[in-house]
Amino acid sequence: MSDKKLGITKRVRVTPFTRRVEQAGVKAYTVYNHMLLPAVFESAEADYWHLCEHVQVWDVSAERQVEVRGPDSARLVQLMTPRDLSKQQLLQGKYAPMCDSAGRVLNDPIVIKLAQDRWWISLADSDIRLWGQGLAQGYGFDVEVFEPDVFPLAVQGPKADDLMARVFGEEIRSIRFFRGMMLAFNGVDFYVARSGWSKQGGFEIYVHDTSLAEPLWDELFSQGTDLNVRAGCPNGIERIEAGLLSYGSDMTEQENLFECGLDAFIDLNADIESLSLPALRAMADRQTRQYVGIVFDNPVDFSSVANTIGGFDVLDGDRVTGEIRSQTWSPRYKKHLAMAIVQKSWLAGRSQVEIAGQQGKIVDLPFSKDSLQA
Ligand code: THG
């Protein structure tokens with residue numbers, strides 16, 4: 001991360017938690033859905049170890065919701081994703097990548113069913129509300145599509161269950177992965193789900209009553225002192241070790257669902273009305289690129305292979321055959337980990353690649369314990 005300052009203007013939105021985040025000593029932000037998203041508190045590595053050992057409170061307000069409401073809401077949301085939503089339960093979330101009619105990835109949100117005629121699309125970083133409004137208009141659907149004042153707060157880490165039980169009650173322990181409940185804080189019911197952008201476990205509280213944002217933050221901190229609760233944020237080291245792709249960094253509109261490995265969540269034979277499914281069916285066996293992991297035994301200095309669009313070239317002689325979009329030193333495994341999108345023709349039969357003078361082992365994603373410990 002560079003040390004350049006970024007001006008925070010009216011076009012970069014603050015959140016109901018920003019004051020607390022500042023008081024907690026945030027050191028860097030990124031901008032996500034035109035809103036501040038904390039990026040570092042102490043250091044990437046210190047934040048990482050703390051997340052893996054204790055419990056953190058994350059201001060992930062920037063995971064904006066698009067609300068779809070009305071008689072045609074289920075139809076519109078299904079049109080936007082090739083994932084089959086027909087059996088989704090109330091208060092269940094589903095990871096539901098969204099694609100255009102050519103199968104390109106527009107976002108990879110979690111879709112939440114609040115009622116048959118009321119859905120939230122919990123966004124990664126792209127302007128899906130406009131697309132949803134355009135589709136609704138074009139198809140003549142009877143729906144409203146808007147961004148409600150809802151600000152997710154994540155509680156992540158191995159002690160998240162204990163902290164959440166103190167604040168919301170013991171019932172939280174019975175919530176299964178990607179399921180949710182309406183639970184009261186200060187007499188107001190909030191949607192609470194077992195989810196979050198880490199593999200350390202935890203919950204997300206969708207804060208729709210901003211007058212309770214700071215009281216909720218303060219309660220989590222006062223109840224969590226002995227659990228060593230701290231402010232945190234999505235952590236690059238943790239998510240790369242977990243092999244989680246980040247929309248806007250690893251995947252963009254230039255990649256299709258298959259290239260990102262997101263077809264694992266899709267049934268191409270599903271009997272649903274989805275804008276992208278016809279194209280996805282037709283292109284399934286015609287893919288030229290794929291994502292792989294690369295594991296290096298020593299730290300790699302990527303500066304010599306940096307390209308102009310913020311990635312790092314994978315070269316075969318002079319020929320660019322792929323691009324590393326994310327990489328980190330893993331303090332746990334003592335390996336340098338990279339995620340790269342590469343040409344399948346180049347990859348065939350290949351198990352090693354040299355980048356910036358270091359030999360790396362090509363592995364499947366997500367990284368397995370075997371590939372990290374070997
Ligand atoms: N929480 C909420 N909104 C979000 C995110 C979140 N919006 C943006 C971004 N994160 C959406 N992307 C993801 C990507 C992966 C997961 C969640 C959100 C995830 N995946 C699990 C996995 O890969 O193992 C499980 C997916 C599944 O089984 O369905 O958790 O974090 N509110």
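Read the numbers this way: they start at 1 and go in the same order the structure lists the ligands and their atoms.
Remark: minimum distance from atom 14 (C) of ligand 1 to any protein heavy atom is reached at Y95 CE1, 3.3 Å. Among protein heavy atoms, the minimum distance from atom 5 (C) of ligand 1 is reached at E63 OE2, 3.3 Å. Closest to atom 1 (N) of ligand 1, if we only count protein heavy atoms, is E204 OE2, 2.8 Å. Looking only at protein heavy atoms, the nearest one to atom 22 (C) of ligand 1 is K199 NZ, 3.3 Å.
Residue-ligand proximity, Y32 to ligand 1, at heavy-atom distances under 4.0 Å covers atoms 8 (C). Using a 4.0 Å cut-off to heavy atoms of F177, the atoms of ligand 1 that qualify are 25 (C). Those atoms of ligand 1 that come under 4.0 Å of a heavy atom in L123, given as number and element, are 7 (N), 8 (C). Interface atoms of ligand 1 facing R83, defined by a heavy-atom separation under 4.0 Å, are 29 (O). The contact set between ligand 1 and S122, taken as ligand atoms under 4.0 Å from a residue heavy atom, comprises 2 (C), 3 (N), 4 (C), 7 (N), 32 (N). Atoms of ligand 1 found under 4.0 Å from any heavy atom of L244 (numbered from 1 in listed order, with element): 15 (C), 23 (O). Ligand 1 places these atoms under 4.0 Å from at least one heavy atom of I110: 1 (N), 2 (C), 6 (C), 17 (C), 18 (C). Taking every non-hydrogen atom of A124 and a distance limit under 4.0 Å, the qualifying atoms of ligand 1 come out as 7 (N), 8 (C).
Heavy atoms of D108 found under 4.0 angstrom from ligand 1 belong to the backbone as well as the side chain. Neither the backbone nor the side chain of V60 has a heavy atom within less than 4.0 Å of ligand 1.
Using a non-hydrogen distance threshold of 4.0 Å, Q156 does not register as a contact of ligand 1. In this structure, W58 does not count as a contact residue of ligand 1, since none of its heavy atoms falls inside 4.0 Å of the ligand. Within the 4.0 Å heavy-atom shell around ligand 1 one does not find K94. Not a single heavy atom of S195 sits less than 4.0 Å from an atom of ligand 1. Contact annotation: Y247 has no heavy atom less than 4.0 Å from any atom of ligand 1.
Distance alone, capped at 3.5 Å, places no donor-acceptor pair between the E22 side chain and the G25 backbone. Side-chain atoms of D125 come within 3.5 Å of backbone N or O of N33 as a donor-acceptor pair. One N or O on the side chain of K113 and one on the backbone of Q88 form a donor-acceptor pair closer than 3.5 Å. Between the side chain of R64 and the backbone N or O of V150, at least one donor-acceptor pair lies under 3.5 Å.
Using a 4.0 Å cut-off between charged nitrogen and carboxylate oxygen, R239 and D250 count as a salt-bridge pair. By the 4.0 Å N-to-carboxylate-O rule, D47 lies close enough to R230 to be salt-bridged with it. Under 4.0 Å is where a charged nitrogen must lie from a carboxylate oxygen, and between E67 and R118 at least one such pair does. Taking 4.0 Å as the cut-off between side-chain N and carboxylate O, D162 and K159 do not count as a salt-bridged pair.
Atom CG of D271 has 12 or fewer neighbouring heavy atoms from other residues, nucleotides or ligands inside a 6.0 Å radius.
E259 pairs with exactly one of R104, R289, R325, K344 by the salt bridge (Lys or Arg N to Asp or Glu O under 4.0 Å) rule, that one being R289.
For a threshold of 3.5 Å applied to N or O pairs, the pair formed by F178 and ligand 1 contains no separation below that value.
Taking only non-hydrogen atoms, the option from Y206, W197, F265 nearest to atom 10 (N) of ligand 1 is W197.
Contact of the E63 side chain with the F151 side chain is not registered, since no non-hydrogen atoms from C-beta on lie closer than 4.5 Å.
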Test log, rule side-chain hydrogen bond (donor to acceptor under 3.5 Å, both in side chains), inputs D59 and T15: CA-CA 8 Å; D59 174 10; T15 90; 2.7 Å; yes
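Separation of the Y95 and F265 ring centroids falls under the 6.0 Å cut-off.
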